[in-house]
Amino acid sequence: MNTTAVFGSGHIEEALADAATFLQTLQQRGETLFLEASFQQELLRHFAADSPIATMTTFEGETPKGVDYLICFGGDGTFLRTLHKASSPDIPILAINSGHLGFLTDLDTHDAITFIDKLIEGDYLIEERRLLSVEAGEDYHEFALNEVAIQKRETGSIINVQTHINDSFLADYAADGLIVATPTGSTAYSLSLNGPLVSPECPVLLVTPIAPHSLSMRPIVLPDTISLHLKVFSRSSTFMLVTDGKVAVFPIETPLKIARSEQPVRLIRLSNHTFADTLRLKLHWGQNLR
């Protein structure tokens, strides 16, 4: 039997009953569950205090050691939070969508119960997604699945992001900021800035300026075998570095290095949905929305 750590969001209340049924069924089938304490409280607000949910072992912070896989109920934000709380990016994650878009999720909550046998028996595929490695100065090391955003802190003035590909100068981006995204992140922040949609299998990095001062500064797609070296200049004394939504503040001219991480994230795929299926479903391609 497997040991599983479970994360979740209770923002979509109608999905909580399906999530509770899924977890109770796993427990009845002999799986060992560790339930994130905050998610347990969300579930117990809607179920009796003597519910089996109340007997599940809880944890806070990082996942307990020795778990076989992670489950998260929510949207893409919950998935990213789960990933960054995993004790290792190598632990497989099953993402079950109880949000709205959910580009990273594999199943919806009302469908998940029909896949329990496949999950327990290990009858699933592991899909690997590339991560970004992020270094700032000498002591900051982080990773990102979606994107790294370099952003100004003040509303008044732009920043200049001096950008090199390996040792070759690319551009001095005068803008509100700059995004470096993975193919996975092409459907996130970069997409809202007219960045391209990229299949997850493509070995590339996306560089997308945020409100550039010049209209000639366009998104660019680069091979992920390169390293990006960046330095921020501004009238302000600091800038923000946002990795998958996690904010850190650094002095201007702090050297940054962004490259593909050697460690991928591993997603559990129980369904046979493809990237094309996801785009059609989430972006309503081919549907009459009038």
Between side-chain atoms of residues 205-214 and protein atoms elsewhere (two or more places apart, or another chain), which donor-acceptor pairs fall under 3.5 Å?
unit_1	atom_1	unit_2	atom_2	d
Thr208	OG1	Ser190	OG	3.0
Ser214	OG	Ser216	N	3.2
Ser214	OG	Ser216	OG	2.8

Atom CE in Met217, atom CG in Leu178: separation rounded to 0.5 Å? 8.5 Å

Correct closest heavy-atom pair for Pro92 and Ile126 would be CB-CD1, 3.9 Å

Looking at every heavy atom in both Ser51 and Gln24, which two are closest together, and how far apart are they? OG-NE2, 3.6 Å

Under the side-chain contact (heavy atoms from CB on, under 4.5 Å) criterion, do Leu222 and Val204 qualify, and how do the steps go? CA-CA 5 Å; Leu222 300 169; Val204 298; over 6 Å; no

Taking the side chain as every heavy atom from C-beta outward, state whether Pro200 and Glu127 have any atom pair closer than 4.5 Å. yes

All pairs passing salt bridge (charged side-chain N to carboxylate O under 4.0 Å, His left out) where residues 111-126 contributes a residue, at least two apart: Arg29-Asp117

Do Pro196 and Pro219 have side-chain heavy atoms sitting under 4.5 Å apart? yes

Where the side chain of Asn166 meets the backbone of Ser227, is there a donor-acceptor pair that is under 3.5 Å apart? yes

Going only through I, L, V, M, F, W and Y residues with side-chain contacts under 4.5 Å, is there a path from Leu279 to Leu191? yes

Can you tell me how far CD1 of Ile71 sits from CG of Leu94, rounded to the nearest 0.5 angstrom? 5.5 Å

Among all residues two or more places apart in sequence or in another chain, which pass the salt bridge (Lys or Arg N to Asp or Glu O under 4.0 Å) test with Arg266? none

When hydrophobic residues are tied together by side-chain contacts of less than 4.5 Å, even through go-betweens, does Ile179 share a cluster with Leu256? no

A side-chain contact here means heavy atoms from C-beta on lying under 4.5 Å apart; do Val232 and Glu253 qualify? no

CG/Leu23 to CG/Leu43 distance, rounded to the nearest 0.5 angstrom? 7.0 Å

Between Thr82 (side chain) and Thr78 (backbone), is there a donor-acceptor pair under 3.5 Å? yes

Separation between CG of Asn272 and CG of Leu125, rounded to the nearest 0.5 Å: 9.5 Å

Who are the salt bridge (Lys or Arg N to Asp or Glu O under 4.0 Å) partners of Glu42, not counting sequence neighbours? Arg45

Do Phe79 and Leu267 have side chains that get closer than 4.5 Å, going by heavy atoms? yes

Scan residues 145-179 for pairs that pass ring-ring contact (aromatic ring centres under 6.0 Å, His included), counting only residues two or more places apart or in two chains. His164-Phe169

Thr55 versus Gln27: any side-chain heavy-atom pair under 4.5 Å? yes

Salt bridge (charged side-chain N to carboxylate O under 4.0 Å, His left out): pairs with one or both residues in residues 224-244, sequence neighbours excluded: Arg130-Asp224, Asp224-Arg260

Taking Thr105 for its side chain and Leu107 for its backbone only, find out whether a donor-acceptor pair lies under 3.5 Å. no

Would a single hydrophobic cluster contain both Leu270 and Leu70, if residues Ile, Leu, Val, Met, Phe, Trp and Tyr are joined by side-chain heavy-atom contacts under 4.5 Å? no

So, Thr63 side chain and Ser87 main chain: donor-acceptor pair closer than 3.5 Å or not? yes

Report, one line per pair, each donor and acceptor closer than 3.5 Å where one atom sits in a side chain of residues 131-151; sequence neighbours left out.
unit_1	atom_1	unit_2	atom_2	d
Glu142	OE1	Lys246	NZ	2.9
Gln151	NE2	Tyr189	OH	3.2

Does Gly74 offer a backbone N or O that forms a donor-acceptor pair with the side chain of Ser98 under 3.5 Å? yes

Is Phe73 close to Leu16 at the side-chain level, that is, under 4.5 Å between some pair of heavy atoms? no

Taking the side chain as every heavy atom from C-beta outward, state whether Thr57 and Leu35 have any atom pair closer than 4.5 Å. no

Grouping I, L, V, M, F, W and Y whenever their side-chain heavy atoms are under 4.5 Å apart, do Ile158 and Phe233 come out in a common cluster? no

Rounded at 0.5 Å granularity, tell me how far SG in Cys72 sits from NZ in Lys85. 12.5 Å

Connected via hydrophobic side-chain network under 4.5 Å: Phe34 and Ile120: no

Heavy atoms of Ile53 and Gln40 approach each other most closely as O-NE2, 3.0 Å

Donor-acceptor contact below 3.5 Å, side chain Thr182 vs main chain Gly185: yes

Trace of the side-chain hydrogen bond (donor to acceptor under 3.5 Å, both in side chains) decision for Thr21 with Asp18: CA-CA 5 Å; Thr21 299; Asp18 288 327; 5.4 Å; no

Is Ser186 reaching over with its side chain to a backbone N or O of Val198, donor-acceptor style, under 3.5 angstrom? yes

Is the side chain of Ser199 donor-acceptor paired with the backbone N or O of Cys202 at a distance under 3.5 Å, no angle test? no

Going by ring-ring contact (aromatic ring centres under 6.0 Å, His included), Phe7 matches just one of Phe59, Phe39, Tyr69. Which one? Phe59

Nearest non-hydrogen partners of Asn160 and Ala174, listed with the distance: OD1-CB, 3.4 Å

For Glu128, the salt bridge (Lys or Arg N to Asp or Glu O under 4.0 Å) test, sequence neighbours excluded, returns none

Scan residues 174-201 for pairs that pass salt bridge (charged side-chain N to carboxylate O under 4.0 Å, His left out), counting only residues two or more places apart or in two chains. Lys152-Asp176

Answer yes or no: does atom NZ of Lys257 have more than 12 heavy-atom neighbours from other residues, nucleotides or ligands under 6.0 Å? no

Side chain to side chain contact (heavy atoms under 4.5 Å, CB included) partners of Ser168, counting only residues at least two apart: none

Please list all pairs passing the salt bridge (charged side-chain N to carboxylate O under 4.0 Å, His left out) test where one or both residues lie in residues 52-75, with sequence neighbours left out. none

side-chain contact (heavy atoms from CB on, under 4.5 Å) between Ser271 and Phe115, intermediate numbers included: CA-CA 8 Å; Ser271 72; Phe115 289 88; 4.2 Å; yes

With a 3.5 Å distance limit and no angle check, can you tell me whether Thr163 reaches the backbone of Val161 through a side-chain donor-acceptor pair? yes

To which residues is Val247 joined in a hydrophobic cluster, defined by side-chain heavy-atom contacts under 4.5 Å among Ile, Leu, Val, Met, Phe, Trp and Tyr, whether direct or through other members? Met240, Val242, Val249

Assess the residue pair Glu31 and Asn2 against the criterion (side-chain hydrogen bond (donor to acceptor under 3.5 Å, both in side chains)); give the C-alpha distance rounded to whole Å, side-chain angles, the decisive distance to 0.1 Å, and a yes or no. CA-CA 5 Å; Glu31 302 287 279; Asn2 297 301; 3.2 Å; yes

When rounded to the nearest 0.5 Å, the distance separating OH of Tyr124 from CG of Leu119 is 6.5 Å

Assess whether side-chain contact (heavy atoms from CB on, under 4.5 Å) is satisfied between Leu283 and Phe103, documenting all intermediate values. CA-CA 10 Å; Leu283 300 180; Phe103 280 98; 3.8 Å; yes

